[in-house]
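First comes the structure, then the notes that go with it.
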Number of protein chains: 2
Amino acid sequence: MVTPNREPDIFTAISHPARRRILDLLVETDRSVNALAGDFQMSRPAVSQHLRILLNAGLVTERRQGRERHYRLVPERLAPVRDWISHYERFWDDRLQRLQEHLLRGEDL
Amino acid sequence: MVTPNREPDIFTAISHPARRRILDLLVETDRSVNALAGDFQMSRPAVSQHLRILLNAGLVTERRQGRERHYRLVPERLAPVRDWISHYERFWDDRLQRLQEHLLRGEDL
DNA sequence: TTGACTCGTAAGGAATACCTTACCTATAGT
DNA sequence: ACTATAGGTAAGGTATTCCTTACGAGTCAA
């Protein structure tokens with residue numbers, strides 16, 4: 001075997017709609033697995049597997065409370081996505097784009 | 001078969017590092033396939049296949065010029081990513097966070 | 001202790017992803 | 001017409017993804 005370390009990629013973790021939805025649900029508050037699974041058609045083990053992917057990516061943490069496990073969002077881990085997409089901001093932010101064009105024209109502000 | 005339409009998902013399209021890199025390269029200027037493939041280890045057909053995925057997702061357009069095909073970025077198509085990630089902005093933007101806490105305290109500005 | 005409940009994990013299968021090499025068409029230059 | 005270049009596509013192999021059902025471990029309550 002060659003593969004030494006398959007570091008979990010954030011972009012891969014958020015590529016599945018169900019996992020993005022899980023993160024969205026966790027924005028409001030922590031949730032147990034069953035509380036999350038209630039929002040999905042898929043089986044509870046499937047949700048568990050998605051949670052494990054998010055956990056491996058560091059996007060959520062797990063806190064055991066009795067027989068429940070509560071998952072909490074770790075929003076800082078979304079930074080790579082935020083940073084990457086920010087490189088494209090000038091294309092859709094009209095104000096910034098006008099500012100940039102202004103600056104490129106070499107005029108003073 | 002059941003699957004009627006597999007609409008291409010933007011998040012899936014950007015989940016692969018090579019495809020994000022292609023988009024990054026296209027920020028500067030349009031590029032031909034060979035000009036792009038020069039930046040990768042993988043074979044040119046592999047790059048072509050990644051380009052087709054980006055094309056199907058609407059993230060790039062193709063313009064034929066002689067025997068070359070130039071690919072151009074369509075940054076507006078990244079809007080779903082921008083919109084989704086923007087829901088998490090308050091977690092990492094200190095200024096917005098302070099503003100929000102301020103508002104949540106019910107104080108006037 | 002017995003039973004119900006929460007949840008993870010194993011096993012397995014179907015579909016998809018992602019690479020390779022081989023080959024094809026189209027265009028350009030001589 | 002011939003040759004080289006640009007690049008799409010087919011075929012095929014391997015790995016990964018994503019679901020299912022079955023089962024097991026830990027917790028709680030009677």
Side-chain angles (χ1 to χ4, degrees), chain A residues 1-23 25-26 29-73, chain B residues 1-23 25-26 29-73:
Chain A
M1 279 305 175
V2 189
T3 56
N5 274 341
R6 285 254 314 157
E7 54 164 328
D9 175 38
I10 300 290
F11 286 89
T12 302
I14 67 165
S15 69
H16 196 289
R19 292 196 287 270
R20 289 197 301 280
R21 184 122 161 273
I22 288 176
L23 296 179
L25 290 168
L26 292 179
T29 178
D30 299 3
R31 289 231 205 181
S32 68
V33 177
N34 272 337
L36 286 167
D39 281 56
F40 293 90
Q41 298 281 153
M42 74 184 87
S43 68
R44 183 194 47 74
V47 173
S48 265
Q49 286 158 14
H50 283 303
L51 282 169
R52 190 156 54 93
I53 290 172
L54 293 173
L55 193 60
N56 286 339
L59 284 164
V60 299
T61 57
E62 178 190 270
R63 173 176 47 95
R64 301 181 195 208
Q65 198 171 26
R67 49 188 158 179
E68 299 181 343
R69 303 197 186 187
H70 289 248
Y71 285 88
R72 174 184 302 237
L73 180 67
Chain B
M1 278 307 170
V2 190
T3 55
N5 273 342
R6 285 254 315 155
E7 54 163 327
D9 175 37
I10 299 291
F11 286 89
T12 302
I14 67 166
S15 69
H16 197 289
R19 291 195 288 269
R20 290 197 300 280
R21 184 121 161 275
I22 288 175
L23 295 179
L25 290 168
L26 292 180
T29 178
D30 299 3
R31 290 230 206 182
S32 68
V33 177
N34 272 336
L36 286 167
D39 281 56
F40 293 90
Q41 299 280 152
M42 73 184 88
S43 68
R44 182 194 48 74
V47 174
S48 264
Q49 285 158 15
H50 283 302
L51 282 169
R52 191 156 53 92
I53 290 171
L54 293 173
L55 194 60
N56 286 338
L59 284 163
V60 299
T61 56
E62 178 190 88
R63 173 176 48 97
R64 300 182 195 207
Q65 198 170 27
R67 49 186 161 182
E68 297 182 343
R69 303 197 186 188
H70 289 250
Y71 285 88
R72 174 185 301 237
L73 180 68

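Below, read A as the first sequence line, B as the second, and so on, with proteins coming before strands; counting in each chain starts at 1.
With B/Tyr71 as the fixed residue, the side chain to side chain contact (heavy atoms under 4.5 Å, CB included) test singles out one of B/Val33, B/Thr61, B/Leu54: B/Val33. For the side-chain hydrogen bond (donor to acceptor under 3.5 Å, both in side chains) with A/Glu68, the qualifying choice from A/Arg64, A/His70, A/Gln65 is A/His70, the only one to do so. Partner of B/Thr12 under the side chain to side chain contact (heavy atoms under 4.5 Å, CB included) criterion, out of B/Asp9, B/Ile14, B/Ile10: B/Asp9 alone.
A straight line from CZ of A/Arg31 to P of C/dC7 spans 13 Å, rounded to a whole angstrom. One atom, CZ of B/Arg64, and another, C1' of D/dT5, lie 16 Å apart when rounded to the nearest Å. Between the C1' atom of C/dA26 and the CZ atom of B/Arg69 lies a distance of 9 Å, rounded to the nearest Å. If you take CZ of B/Arg44 and P of C/dA22, they are 14 Å apart, rounded to a whole angstrom. In this structure, A/Phe40 atom CZ and D/dT20 atom P are separated by 12 Å, rounded to whole Å. A/Glu68 has its CD atom 11 Å from the C1' atom of D/dT27, to the nearest Å. Computed from coordinates, the A/Leu36 CG to C/dG8 C1' distance equals 15 Å when rounded to whole Å.
Remark: the backbone N or O of B/Asp30 is not paired with any side-chain donor or acceptor of B/Arg63 at under 3.5 angstrom. Side-chain atoms of B/Arg20 never come within 3.5 Å of backbone atoms of A/Phe11 as a donor-acceptor pair (strictly under, hydrogens ignored). A donor-acceptor pair is defined here as one N or O able to donate and one able to accept, closer than 3.5 Å; no such pair exists between the side chain of A/Arg44 and the backbone of A/Ala37.
The minimum heavy-atom distance linking A/Ala35 with A/Arg31 is given by the pair O-NH1, 3.3 Å.
Side-chain nitrogen and oxygen atoms of A/Asn34 include none within less than 4.0 Å of the OP1 or OP2 phosphate oxygen of C/dC5. Taking only side-chain nitrogens and oxygens, A/Arg19 comes nearer than 4.0 Å to OP1 or OP2 of D/dC18. Neither OP1 nor OP2 of D/dC19 sits under 4.0 Å from any side-chain N or O of A/Ser43. In terms of phosphate contacts, B/His16 brings a side-chain nitrogen or oxygen within less than 4.0 Å of OP1 or OP2 of C/dC19.
Of the residues near DNA chain D, A/Ser15 and A/Gln65, the one whose nearest nucleotide (by heavy atom distance) lies more toward the 5' end is A/Ser15. Mapping A/Tyr71 and B/Arg67 onto DNA chain C via the closest heavy atom, the residue that lands nearer the 5' end is A/Tyr71.
If you check residues 48-63 of chain B against DNA chain C, the residues with a heavy atom closer than 4.0 Å are B/Gln49, B/His50, listed by number.
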